Asks: 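Have a look at the structure that comes next, please.
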Amino acid sequence: MMLEGKGAVVTGAGSGVGAASAVRFAAEGARVLCADIRLEAAEETVRRIEKDGGTAVPIACDVAHEDEVEAMIAAAAEHFGRLDVVYNNVGVPTPRLGSKLEDHTAEDFQRLFAINVGGVFFGSKHAVAQFKRQDGGGVVLNTGPVAGLVAWGGAVYAATKGAVHQLTKAVAIEGAPFGIRANAICPAGMPYTGFMAAGGLSGDPDTVAQRTAANHPLGRPITAEDCAEAAVFLASERAANITGVLLPVDGGYVAR
Ligand SMILES: NC(=O)c1ccc[n+]([C@@H]2O[C@H](COP(=O)([O-])OP(=O)(O)OC[C@H]3O[C@@H](n4cnc5c(N)ncnc54)[C@H](O)[C@@H]3O)[C@@H](O)[C@H]2O)c1
């Protein structure tokens, strides 16, 4: 059990990386507050966790709103007595994946920054405040992507994730004297989550998986479960001396 007794929050826990991470955190002994803008999706993840004997609580939260994020962190501390890990995982694509820079509207820009950067900023801010009120530090995890590490298309989305990466490093440095660690998990394209549909793409995920896998030196599609494994490790004491890291989960894509 790598997270025995820990209190954790996972945002975007109703689907994809968030759902897989919440399930893995609980399997490793954490009690998990499953947050999502879609309460019924968070509730479904909680049902999966409880079916396996784990402990989880659902909460509705739009991470673009600070008051909702503050309430989410307070709810975790109340339910679990303390907060040890916050996983700021929510991120949304442009509603028209594949759009060129000039096709993005001001509204697209504001929405992506409000959710992708705002969510990580508010989640980190209120988690750090909670960690400092307690004793013993804490862990901030964020989901970046390889698109925040290299230019891969989707300029506005990539810019939001570049900001997430910089926030990760800044929290790592500011938090270090307080025993607070901050790291980001940077996946390549994951065809089996809800992300591509959120970006308006349809199509057979297996076909997309084959295409994306062909871009990766390891030749396998990236899954939400791959990210969840990295999240468990970075959240655990086994990563006690790892902070400020942007960890690609990309089959070797950015190593080329
Ligand atoms: N799937 C990919 O190709 C890919 C690649 C690289 C990085 N990522 C990143 O992985 C993370 C998780 O994405 P995913 O692929 O699991 O997508 P997903 O669509 O399966 O899951 C996202 C979840 O976030 C929730 N959500 C959306 N807006 C929200 C808000 N404002 N407040 C709270 N919850 C909200 C959704 O309801 C959904 O349950 C994101 O940060 C994304 O940018 C995804």
Side-chain angles (χ1 to χ4, degrees), residues 9-24 33-46 58-69 71-72 86-95 97-98 110-123 141-150 152-154 156-165 167-168 184-201 203 205 208-209 211-213 215-216 221-228 230-231 246-251 253-254:
V9 172
V10 179
T11 71
S15 177
V17 174
S21 300
V23 167
R24 283 293 290 119
L33 189 72
C34 294
D36 204 286
I37 197 167
R38 297 177 300 125
L39 180 61
E40 67 289 356
E43 287 170 341
E44 179 55 35
T45 302
V46 168
I59 190 168
C61 176
D62 180 343
V63 298
H65 295 288
E66 181 166 15
D67 55 341
E68 296 188 31
V69 175
M72 171 187 82
V86 66
Y87 187 1
N88 300 308
N89 161 69
V90 168
V92 293
T94 166
L97 266 173
Q110 278 150 9
R111 177 174 169 272
L112 259 66
F113 270 85
I115 298 172
N116 294 1
V117 186
V120 172
F121 166 57
F122 299 141
L141 293 178
N142 301 320
T143 305
V146 298
L149 296 170
V150 296
W152 203 19
V156 177
Y157 173 76
T160 66
K161 292 298 193 169
V164 168
H165 291 173
L167 271 170
T168 306
I185 290 145
C186 307
M190 294 177 286
Y192 294 111
T193 72
F195 186 82
M196 296 200 180
L201 293 187
V208 180
R211 205 171 56 237
T212 53
N215 285 327
H216 306 151
I222 311 302
T223 65
E225 288 71 24
D226 292 332
C227 296
L246 312 176
L247 177 67
V249 178
D250 68 344
Y253 181 82
V254 298

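A quick note: this is a predicted structure, and the numbers were derived from the prediction, not measured. Whatever order the structure lists them in is the order used to number ligands and atoms, beginning at 1. Because only heavy atoms are used, hydrogens play no part in the values below, and waters and symmetry mates are left out as well, while side chains stay in.
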Asks: Is any side-chain heavy atom of Cys61 less than 4.5 Å from a side-chain heavy atom of Val69?
Replies: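 Yes; the side chains approach each other to less than 4.5 Å.
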Asks: Quick one: does Val92's side chain get under 4.5 Å of Arg111's, heavy atoms only?
Replies: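 Contact flag for Val92/Arg111 side chains = yes.
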Asks: Between Thr45 (side chain) and Ala19 (backbone), is there a donor-acceptor pair under 3.5 Å?
Replies: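 Checking the backbone N and O of Ala19 against the side chain of Thr45, no donor-acceptor pair under 3.5 Å is found.
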Asks: Any atoms of ligand 1 less than 4.0 Å from a non-hydrogen atom of Asp62? List them with their elements.
Replies: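 With Asp62 as reference, the close atoms of ligand 1 come out as 30 (C), 31 (N), 32 (N).
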Asks: For the 3.5 Å polar cut-off, considering only N or O atoms, please tell me whether Ala198 and ligand 1 meet it.
Replies: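 Ala198 vs ligand 1: no N/O contact under 3.5 Å.
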Asks: Below 4.0 angstrom from a heavy atom of Val92, which ligand 1 atoms are there? Numbered from 1 as shown, please.
Replies: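 Taking each heavy atom of Val92 in turn, ligand 1 has 27 (C), 28 (N) under 4.0 Å.
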Asks: Please check if a non-hydrogen protein atom sits closer than 4.0 Å to atom 22 (C) of ligand 1.
Replies: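 It does not; no protein heavy atom is within 4.0 Å.
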Asks: Ignoring angles and geometry beyond distance, decide whether Val63 reaches within less than 3.5 Å of ligand 1 through its nitrogen or oxygen atoms.
Replies: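 In this structure, Val63 places an N or O atom under 3.5 Å from an N or O of ligand 1.
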Asks: Would you call Ile222 and Val249 a side-chain contact if the rule is heavy atoms closer than 4.5 Å?
Replies: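 Result yes, sub-4.5 Å side-chain heavy-atom pair found.
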Asks: Check whether Thr143 reaches the backbone of Ile185 with its side chain - one donor and one acceptor, N or O, closer than 3.5 Å.
Replies: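 No; judged by distance alone, with no hydrogens or angles, the pair does not exist.
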Asks: Tell me whether Ile115 has any N or O atom under 3.5 angstrom from an N or O of ligand 1.
Replies: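 No: no nitrogen or oxygen of Ile115 is under 3.5 Å from one in ligand 1.
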Asks: Considering only the protein, which heavy-atom contact is closest to atom 16 (O) of ligand 1, and what is its distance?
Replies: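 For this ligand atom, the closest protein heavy atom is Val17 N, 2.8 Å.
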Asks: Any idea which of Thr212, Thr193, Thr143, Leu112 brings a heavy atom closest to atom 9 (C) of ligand 1?
Replies: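 The nearest heavy atom belongs to Thr143.
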Asks: So, Asp62 side chain and Ile37 main chain: donor-acceptor pair closer than 3.5 Å or not?
Replies: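 Not a single qualifying donor-acceptor pair exists.
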Asks: Answer yes or no: is there a side-chain heavy-atom contact under 4.5 Å between Pro145 and His165?
Replies: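 Yes, close enough: below the 4.5 Å cut-off.
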Asks: Write out the residue and atom name of the closest protein heavy atom to atom 20 (O) of ligand 1, then the distance separating them to 0.1 Å.
Replies: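 Going atom by atom, the protein heavy atom closest to atom 20 (O) of ligand 1 ends up being Ser15 OG, 2.6 Å.
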Asks: What residue and atom, counting heavy atoms only, is the protein's closest point to atom 3 (O) of ligand 1, and at what distance?
Replies: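 Answer, as residue, atom name and distance: Met190 N, 2.8 Å.
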Asks: Exactly one of Val120, Leu246, Asn116 should register a side chain to side chain contact (heavy atoms under 4.5 Å, CB included) with Asn142. Which one does?
Replies: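 Passing option: Val120.
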Asks: How far is atom 24 (O) of ligand 1 from its nearest protein heavy atom, and which residue and atom name does that atom have?
Replies: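 The protein heavy atom lying closest is Gly12 CA, 3.5 Å.
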Asks: So is Asp36 touching ligand 1 or not, going by heavy atoms under 4.0 Å?
Replies: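 Yes, Asp36 has heavy atoms under 4.0 Å from ligand 1.
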Asks: With the threshold set at under 4.0 angstrom, would you say Ala19 reaches ligand 1 through any of its heavy atoms?
Replies: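 No; Ala19 lies far enough from ligand 1 that no heavy-atom distance drops under 4.0 Å.
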Asks: If you measure from atom 12 (C) of ligand 1 to every heavy atom of Thr45, Val69, Asn89, Asp250, which option wins on shortest distance?
Replies: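 It is Asn89 whose heavy atom sits nearest to atom 12 (C) of ligand 1.
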Asks: For atom 29 (C) of ligand 1, which protein heavy atom lies nearest, and how many Å away is it?
Replies: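 Here the closest protein heavy atom is Val90 CG1, 3.6 Å.
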Asks: If I compare all heavy atoms of Ala224 with all of Met190, which pair ends up nearest, and what's the gap?
Replies: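 Looking at all heavy atoms of both residues, the shortest contact is N-SD, 3.9 Å.
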Asks: Which atoms from ligand 1 have a heavy atom of Pro145 less than 4.0 Å away?
Replies: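 So the answer, numbered in order with elements, is 6 (C), 7 (C).
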Asks: Among all protein heavy atoms, pick out the one at the shortest distance from atom 13 (O) of ligand 1; state its residue, atom name and that distance to 0.1 Å.
Replies: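 Of the protein heavy atoms, Phe195 CD1, 4.3 Å lies nearest.
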Asks: Relative to ligand 1, is Pro93 under 4.0 angstrom through side chain, backbone, both or neither, heavy atoms considered?
Replies: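 No part of Pro93 comes within reach of ligand 1.
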Asks: Answer whether the closest heavy-atom distance between the side chains of Pro248 and Leu149 falls below 4.5 Å.
Replies: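 Yes, close enough: below the 4.5 Å cut-off.
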Asks: With heavy-atom distances below 4.0 Å as the criterion, list the atoms of ligand 1 near Gly16.
Replies: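 Once the distances to Gly16 are compared, the set is 16 (O), 20 (O).
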Asks: Evaluate Asp226 against Thr223 for side-chain hydrogen bond (donor to acceptor under 3.5 Å, both in side chains), listing each step before the verdict.
Replies: CA-CA 5 Å; Asp226 292 332; Thr223 65; 3.2 Å; yes
Asks: If the contact criterion is a heavy-atom separation under 4.0 Å, does Pro187 count as touching ligand 1?
Replies: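 Checking ligand 1 against Pro187, which is what was asked, there is a heavy-atom contact under 4.0 Å.
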Asks: Could you check whether any side-chain heavy atom of Thr94 comes within less than 4.5 Å of a side-chain heavy atom of Tyr157, counting everything from C-beta outward?
Replies: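 Counting from C-beta outward, Thr94 and Tyr157 never come under 4.5 Å.
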Asks: Looking at ligand 1, does Ala41 have a heavy atom less than 4.0 Å from it?
Replies: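 Checking ligand 1 against Ala41, which is what was asked, there is no heavy-atom contact under 4.0 Å.
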Asks: Heavy-atom contacts with Cys61 under 4.0 Å: which atoms of ligand 1 show up? List them by number with element.
Replies: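 Near Cys61, the atoms of ligand 1 are 32 (N), 33 (C).
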Asks: Considering only protein heavy atoms, which is closest to atom 26 (N) of ligand 1, and at what distance to one decimal place?
Replies: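 That would be Ile37 CG2, 3.8 Å.
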Asks: Could you work out, for atom 5 (C) of ligand 1, the closest of Ala188, Ala20, Ala197 by heavy-atom distance?
Replies: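 Looking at heavy atoms only, Ala188 sits closest to atom 5 (C) of ligand 1.
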Asks: Write out the residue and atom name of the closest protein heavy atom to atom 8 (N) of ligand 1, then the distance separating them to 0.1 Å.
Replies: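 Ranking protein heavy atoms by distance from atom 8 (N) of ligand 1, first comes Tyr157 OH, 3.6 Å.
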Asks: Where's the contact between Val146 and ligand 1, heavy-atom distance under 4.0 Å: side chain, backbone, both or neither?
Replies: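 It is neither part, as no heavy atom is under 4.0 Å.
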Asks: Hey, is the main chain of Ala184 close enough, under 3.5 Å, to the side chain of Thr168 for a donor-acceptor pair?
Replies: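 Side chain of Thr168 to backbone of Ala184: no pair is present.
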Asks: With heavy atoms of Gly189 as the reference, note each atom of ligand 1 found under 4.0 Å away.
Replies: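 Taking each heavy atom of Gly189 in turn, ligand 1 has 3 (O) under 4.0 Å.
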Asks: With a 4.5 Å limit on heavy-atom distance, are the side chains of Val17 and Tyr87 in contact?
Replies: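 The answer is yes; the side chains approach within 4.5 Å.
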Asks: Report the relative orientation of the aromatic rings in Tyr253 and Trp152; use parallel for angles under 30°, tilted for 30 to 60°, perpendicular for over 60°.
Replies: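 Ring orientation of Tyr253 relative to Trp152: tilted.
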Asks: Below 4.0 Å from ligand 1: does a non-hydrogen atom of Ala224 turn up there or not?
Replies: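 So Ala224 does not count as touching ligand 1.
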Asks: Does at least one non-hydrogen atom of Gly144 fall below 4.0 angstrom from an atom of ligand 1?
Replies: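 Yes.
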